[in-house]
Amino acid sequence: MNNRRVRVRFAPSPTGPLHIGGVRTALFNYFFAKKHGGDFILRIEDTDQKRYVEGAEEYIIKSLKWCGLEFDESVEKGGDYAPYRQSERKEIYKQYSDKLIKSDNAYYAFDTPEELDVMRTRLQEAKSSTQQYNAITRNEMKNSLTMSAEKVKQMISAGEPFVIRFKMPENENIIVNDIIRGEITVNSNQLDDKVLFKSDGMPTYHLANIVDDYSMKISHVIRGEEWLPSLPLHVMLYNALGWNNATPQFAHLPLLLKPNGKGKLSKRDGDKMGFPVFPLEWKDPKTNEVSTGYKESGYFADGFVNMLAFLGWNPGTEQEIFSLEEMAQAFSLEKAGKSGSKFDPEKAKWFNHQYLIRKDNAELAKLFAKELSEKELNVEPSLLSKIVGLTKERVNFVSELWEQTSYFFAAPVEYEAKMVKKQWKEATPDIMQNIKKLLSQQESFDSANLETNLKKWIKEQGLGMGKVMTPLRLVLVGGGFGIHLFDIMEIIGKEETLRRIETGIETIKK
RNA sequence: GGCCCGUUCGUCUAGGGGUUAGGACGCCAGAUUUUCAUUCUGGUAACACGGGUUCGAUUCCCGUACGGGCUACCA
């Protein structure tokens, strides 16, 4: 019965930077659309003027772009169902709230915030299980159900502030369906008369969301679990508006949780534990506080997205490295998990490593070159590619490349004390002197050639590999680290190799 | 408090009425290596608890505990 075109939307509020939970929701929507050859829509839900944050909308768009997600319809791109910003669709909502009032599914309410407070504290003190504006309490409040039609009309025309509330029926079992969780039954007595239209002339999320999903022909609503409690209301709104046949299917995604401890992932956790919670860097326009993003922390977009998708979803195979396209093809909501996932920063790093070692050397070299130029170092691109290729397995991020490669660009000025103490024996200077001589006689200074000749010499001299190679490494790189030593010699070249040995012999004195 | 959702190694997860409960991250050990790292091999470690149903339950049902969400003229 659901043969209609798949159309899904990601509908964030521009109340701040998009956090990775939101990115994941967008991702799943995108996968679902791609998998079914449908449309992926961005709708900005800016019905709350008070919480609107400057720059947030641009941030959201930029972030998703960085992740590689492209919308078929959006505020930027437009589309057949424009506008895609709720603040620009204001007029549309009014007619539907009017329709609900006419059909006796909604009513006007004039209660002030203070009056609502009074009601709630009264109910609380009476130990009522709920403190809601509902089928029972509405009879004692100021609304169009308790006042005469005339009085209501008069108040409205007098400019009295009012809201429009949904008239939740009493004691009705509402059965809704969720793709991930199955059938859920809720009694309407648990639900309240939600405000549909605010006194500022804007609809609330509930009304705007339903109206827009309906008018934009959304087929599947894939959103966070925090919306599950309002699903019955939403389904009832579809029914009340006579849109039963167009009700989308719903899937509520489990939340992303803190790495340790309790609760959902928040900005604070990232600050405290040193990992980003935002895709891109965000500067709070009010406080000027800057929060770092995955991009700025050196994560690759494709790896980031891969990591995120595997939080709460799994294709059921043992493959873990997936491109965006592959994930879209493998995606299904049935494979999505039901329970919240704790975010693991370690695994995020591992994903980045996996992506880094798969990247093209030239591409990595380009990124690394940027960092080097900040140090006023200019390295020939093909040489840098080579260095990066030999080193990339050892790092998780491009930013870690420098500490693993600095010896290529500058001779050591200091020697690791521990190594000196342990490896620099009395006979070592002589051995180094001999090696220097041997190396200076080499015609070809390529790694393989050096390796065979030097190893041969060591054998002839009856010396152990460790006795020779470790001090040699010490003079060449300054410590007990770095890649294959012969590769290092080849790259820095004969002259530099000899010079470093000489300096080492002179400098390292016990 | 009320309502709703959830619970497989420390973490992300696969699985599913009869399995040696699988993989990945992390951790540990061994191998390789001139160092460190990588890599490889191996190891550690889980079905929250209590009742049912059943020949048999980690898997199905109920309860409890725990975790999470919602409970605004916020989304």
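Naming convention: chains lettered A, B, ... in sequence-line order (proteins, then strands); numbering from 1 in each chain. Quick caveat, the model's predicted, so the values are computed rather than measured.
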Output one line per pair: protein atom, nucleotide atom from nucleotides 40-42 of chain B, and distance, for all N/O pairs under 3.5 Å.
none

Identify all pairs in which a protein N or O lies below 3.5 Å from an N or O of nucleotides 19-27 of chain B, and state each distance.
residue : atom : partner   : partner atom : Å
G22(B)  : O2'  : Glu318(A) : OE2          : 3.2
G23(B)  : O4'  : Glu318(A) : OE2          : 3.2
A24(B)  : O4'  : Glu320(A) : OE1          : 3.1
A24(B)  : O2'  : Glu320(A) : OE1          : 2.5
A24(B)  : O2'  : Lys347(A) : NZ           : 2.8
A24(B)  : N3   : Lys347(A) : NZ           : 3.2
C25(B)  : OP1  : Trp350(A) : NE1          : 3.3

Inset, instruction - Give the B/S/- string for nucleotides 69-75 of chain B, one per nucleotide from 5' to 3', where a protein heavy atom under 4.0 Å of the base yields B, of only the sugar-phosphate yields S, and otherwise -. - result: SS--BBB

Inset, instruction - Do nucleotides 43-50 of chain B as a string where each nucleotide becomes B, S or -: B if the base has a protein heavy atom under 4.0 Å, S if just the sugar-phosphate does, - if no protein is that close. - result: --------

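Nearest-nucleotide positions on RNA chain B for Leu485(A) and Gly312(A) put Gly312(A) closer to the 5' end.
Contact check on Lys267(A) versus Asp269(A) returns no salt bridge, with no Lys/Arg side-chain nitrogen under 4.0 Å from an Asp/Glu carboxylate oxygen. For the pair Glu320(A) and Lys347(A), the salt-bridge criterion is met [side-chain N within less than 4.0 Å of a carboxylate O]. Ion pairing of Arg85(A) with Glu57(A) is present here, as a side-chain N (NZ or NE/NH1/NH2) and a carboxylate O approach within less than 4.0 Å. Using a cut-off of 4.0 Å between Lys/Arg side-chain N and Asp/Glu carboxylate O, Glu140(A) and Arg122(A) are scored as salt-bridged.
The residue Gly224(A) sits apart from the nucleic acid: no heavy atom pair falls under 4.0 Å. Across all strands, Gly466(A) comes closer than 4.0 Å to no nucleic acid atom at all (heavy-atom distances). Using a 4.0 Å heavy-atom cutoff across all strands shown, Leu191(A) reaches no nucleic acid atom at all. Residue-level contact check: Thr470(A) touches the backbone only, with heavy atoms under 4.0 Å from sugar-phosphate atoms and none from bases. No engagement by Lys392(A) is indicated, since no non-hydrogen atom pair under 4.0 Å with the nucleic acid exists. Residue contacts for Leu311(A): at a heavy-atom cut-off of 4.0 Å it reaches the sugar-phosphate backbone alone, with no base atom in range.
The aromatic rings of His19(A) and Phe278(A) sit tilted, their planes meeting at an angle between 30° and 60°. The aromatic rings of Phe481(A) and Tyr407(A) are tilted relative to each other, their planes meeting at an angle between 30° and 60°. The aromatic rings of Tyr59(A) and Trp282(A) stand perpendicular to each other, their planes meeting at an angle above 60°, with 30° marking the opposite boundary. Between Phe310(A) and Phe351(A), the ring planes are tilted. Angles from 30° to 60° get that label. Taking the six-membered ring where tryptophan is involved, the planes of Phe275(A) and Phe343(A) are tilted, since the angle between them lies from 30° to 60°. Taking the six-membered ring where the residue is Trp, Phe331(A) and Phe31(A) present tilted rings, their angle falling between 30° and 60°.
Distance, Leu356(A) CG to A37(B) P: 18 Å, rounded to whole Å. The separation between Glu400(A) atom CD and U38(B) atom P is 12 Å, rounded to whole Å. Summarising the geometry, the separation between CZ on Phe310(A) and C1' on A14(B) is reported as 11 Å, rounded to the nearest angstrom. Atom P of nucleotide U7(B) and atom CG of Leu257(A) are separated by 13 Å, given to the nearest angstrom. The NZ atom of Lys422(A) sits 16 Å away from the P atom of U34(B) (whole-angstrom rounding). Atoms NZ (Lys338(A)) and P (G15(B)) sit 11 Å apart, rounded to a whole Å. Straight-line distance from the CG atom of Asn173(A) to the C1' atom of C4(B): 14 Å, rounded to whole Å. Atom P of nucleotide C5(B) and atom CD of Gln190(A) are separated by 12 Å, given to the nearest angstrom.
If you take atom C1' in C47(B) and the same atom in C28(B), they sit 24 Å apart, rounded to whole Å. With P as the reference atom, U64(B) and C4(B) are 12 Å apart, rounded to whole Å. Here, U13(B) and G1(B) have their C1' atoms 35 Å apart, quoted to the whole Å. Comparing U33(B) with C40(B), their C1' atoms sit 12 Å apart, to the nearest whole Å. Using atom C1' as the reference point in both G18(B) and U54(B), the two lie 12 Å apart (nearest Å).
Of all nucleotides present, only C62(B) satisfies the Watson-Crick or G-U wobble test against G50(B), with each distance under 3.5 Å. G67(B): Watson-Crick or G-U partner is C5(B), with both key distances under 3.5 Å. Pairing partner, U11(B): A24(B), with both Watson-Crick or wobble hydrogen-bond distances short of 3.5 Å. Pairing partner, U41(B): A29(B), with both Watson-Crick or wobble hydrogen-bond distances short of 3.5 Å. A75(B): no Watson-Crick or G-U partner with both key distances under 3.5 Å is found in any strand.
Applying the ring pair (Phe, Tyr, Trp, His ring centres under 6.0 Å) test to residues at least two apart or on different chains, the pairs with a partner in residues 158-186 of chain A are Tyr108(A)-Phe162(A).
With 3.5 Å as the limit, one finds no donor-acceptor pair spanning the side chains of Asn134(A) and Asp193(A). In the model, Asp46(A) has a side-chain atom that pairs as donor or acceptor with a side-chain atom of Ser87(A) under 3.5 Å.
In this model, no side-chain donor or acceptor of His484(A) finds a partner on the base of U33(B) within 3.5 Å.
In this view, Arg358(A) satisfies the salt bridge (charged side-chain N to carboxylate O under 4.0 Å, His left out) rule with no residue, not counting sequence neighbours.
Taking CG from Leu390(A) and CD1 from Ile483(A), the interatomic distance works out to 4.5 Å, rounded to the nearest 0.5 Å.
Heavy atoms from other residues, nucleotides or ligands lying under 6.0 Å from NZ of Lys386(A) number 12 at most.
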